[in-house]
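Below is one structure, written out as structure tokens, with a few remarks after it.
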Amino acid sequence: MKTKEERLEELDRILMDNNLGFIYDFLGERDNGLVLPFFARYMDGVIKKGLEFCVTTDRNATAGILYKHNLVFISYGLFDRLCKLSLLIYSSGVLDGKEKPFNFVNLHLVENPFQGFSDEADNFGDKSEVQLLLFIFDSLLGFIVAHEIGHFINKHGDRLDFSGDVRGHKHIERDELIPSHARELVADHYAFRALEFDIENTISSDNPVVSNLLDKFKSQRGMALLSLLFIACYFKLMDGHSPYPHFESTHPEAGVRAHFLFACYLEPYMDTNQQNYMSEVLPLTVSMLQEIYEYKGDDFVIDWSEKNSSEEIKQWYLEVYSELHKWSA
Ligand SMILES: [Zn+2]
């Protein structure tokens, strides 16, 4: 049996061999007050699936799974961005109708870290408001970790001869593009269902966070809206931050991933009398997404539906759809 220190050294070596930085040192590094509690929580979750979980020191936004080592990792850089994104969603008032001040102009600026829960920070408003912020954060992080678990559950590593999804967005040759994108969409779908399930559980239970949410989020449709909104906010955060364009990257671009999940969400309602009502979720998600990012002063138009209607992307959809079943366990 290895000691904890020996295992940490081993993990450090594995990360270093893959150019992923080092294990994040909770006590030595600047702690924002959230890394440790959430690390402990997700460690428990992934161990149940037969995986290990670690936070790396990398300041870029990375997350992935090292198949050979059954190791899911998330970088401190991504963790910090998610903290700020959670605060933005929370402060915008879109979820609870109450706007609060928000001071991070650039969510990607790790040099100006979120430290809202560190020992020195002023505390947030009342307890239920803190719970709302943590609920948002947990939903975002939960989606990202579940995406990596989705690769594992669907046995993507067993069928590949590379060591895995390591650097997130890598360059890829055209002939490997469709299988790679199909794997990403299968993992996204798994993570979307997992998030939807968690949100439904939270809202249908007596969780105190529910009292903060506007009533429109408490219906069946509202819960789906909430799940899609969180995911869309994350995709928007990463939109334009992939080093390669859609047709040269291991991962489909953000707008396309969002569009695919919208389609997955809507599928069970197609050709039913709920179709029109449920499909209103899509424009609602996009307008709330817009509202959230505008709250920090962004001026932009989300062109996702335009992107998804190009001939090139339509052809891509046909190819990728016929590939999906190969990567679903
Ligand atoms: Zn992936």
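Heavy-atom basis, side chains included; hydrogens, waters and symmetry copies ignored. Read the numbers this way: they start at 1 and go in the same order the structure lists the ligands and their atoms. The shown structure was predicted, so the numbers you read here are calculated from the model rather than taken from an experiment.
Under the 4.0 Å criterion applied to side-chain N and carboxylate O atoms, R7 and E52 are assigned as salt-bridge partners. By the 4.0 Å N-to-carboxylate-O rule, K84 lies close enough to D80 to be salt-bridged with it.
No cation-pi contact links K49 to F152, judged by a cut-off of 6.0 Å to the six-membered ring centre and 45° from its axis.
Contact annotation: D188 places no N, O or S atom under 2.8 Å from the Zn ion (ligand 1).
When distances from the Zn ion (ligand 1) to the N, O or S atoms of H147 are compared, NE2 comes out shortest. As for E184, its N/O/S atom nearest the Zn ion (ligand 1) is the one called OE1.
With respect to F137, the ring pair (Phe, Tyr, Trp, His ring centres under 6.0 Å) criterion is satisfied by exactly one of Y90, Y42, F79: F79.
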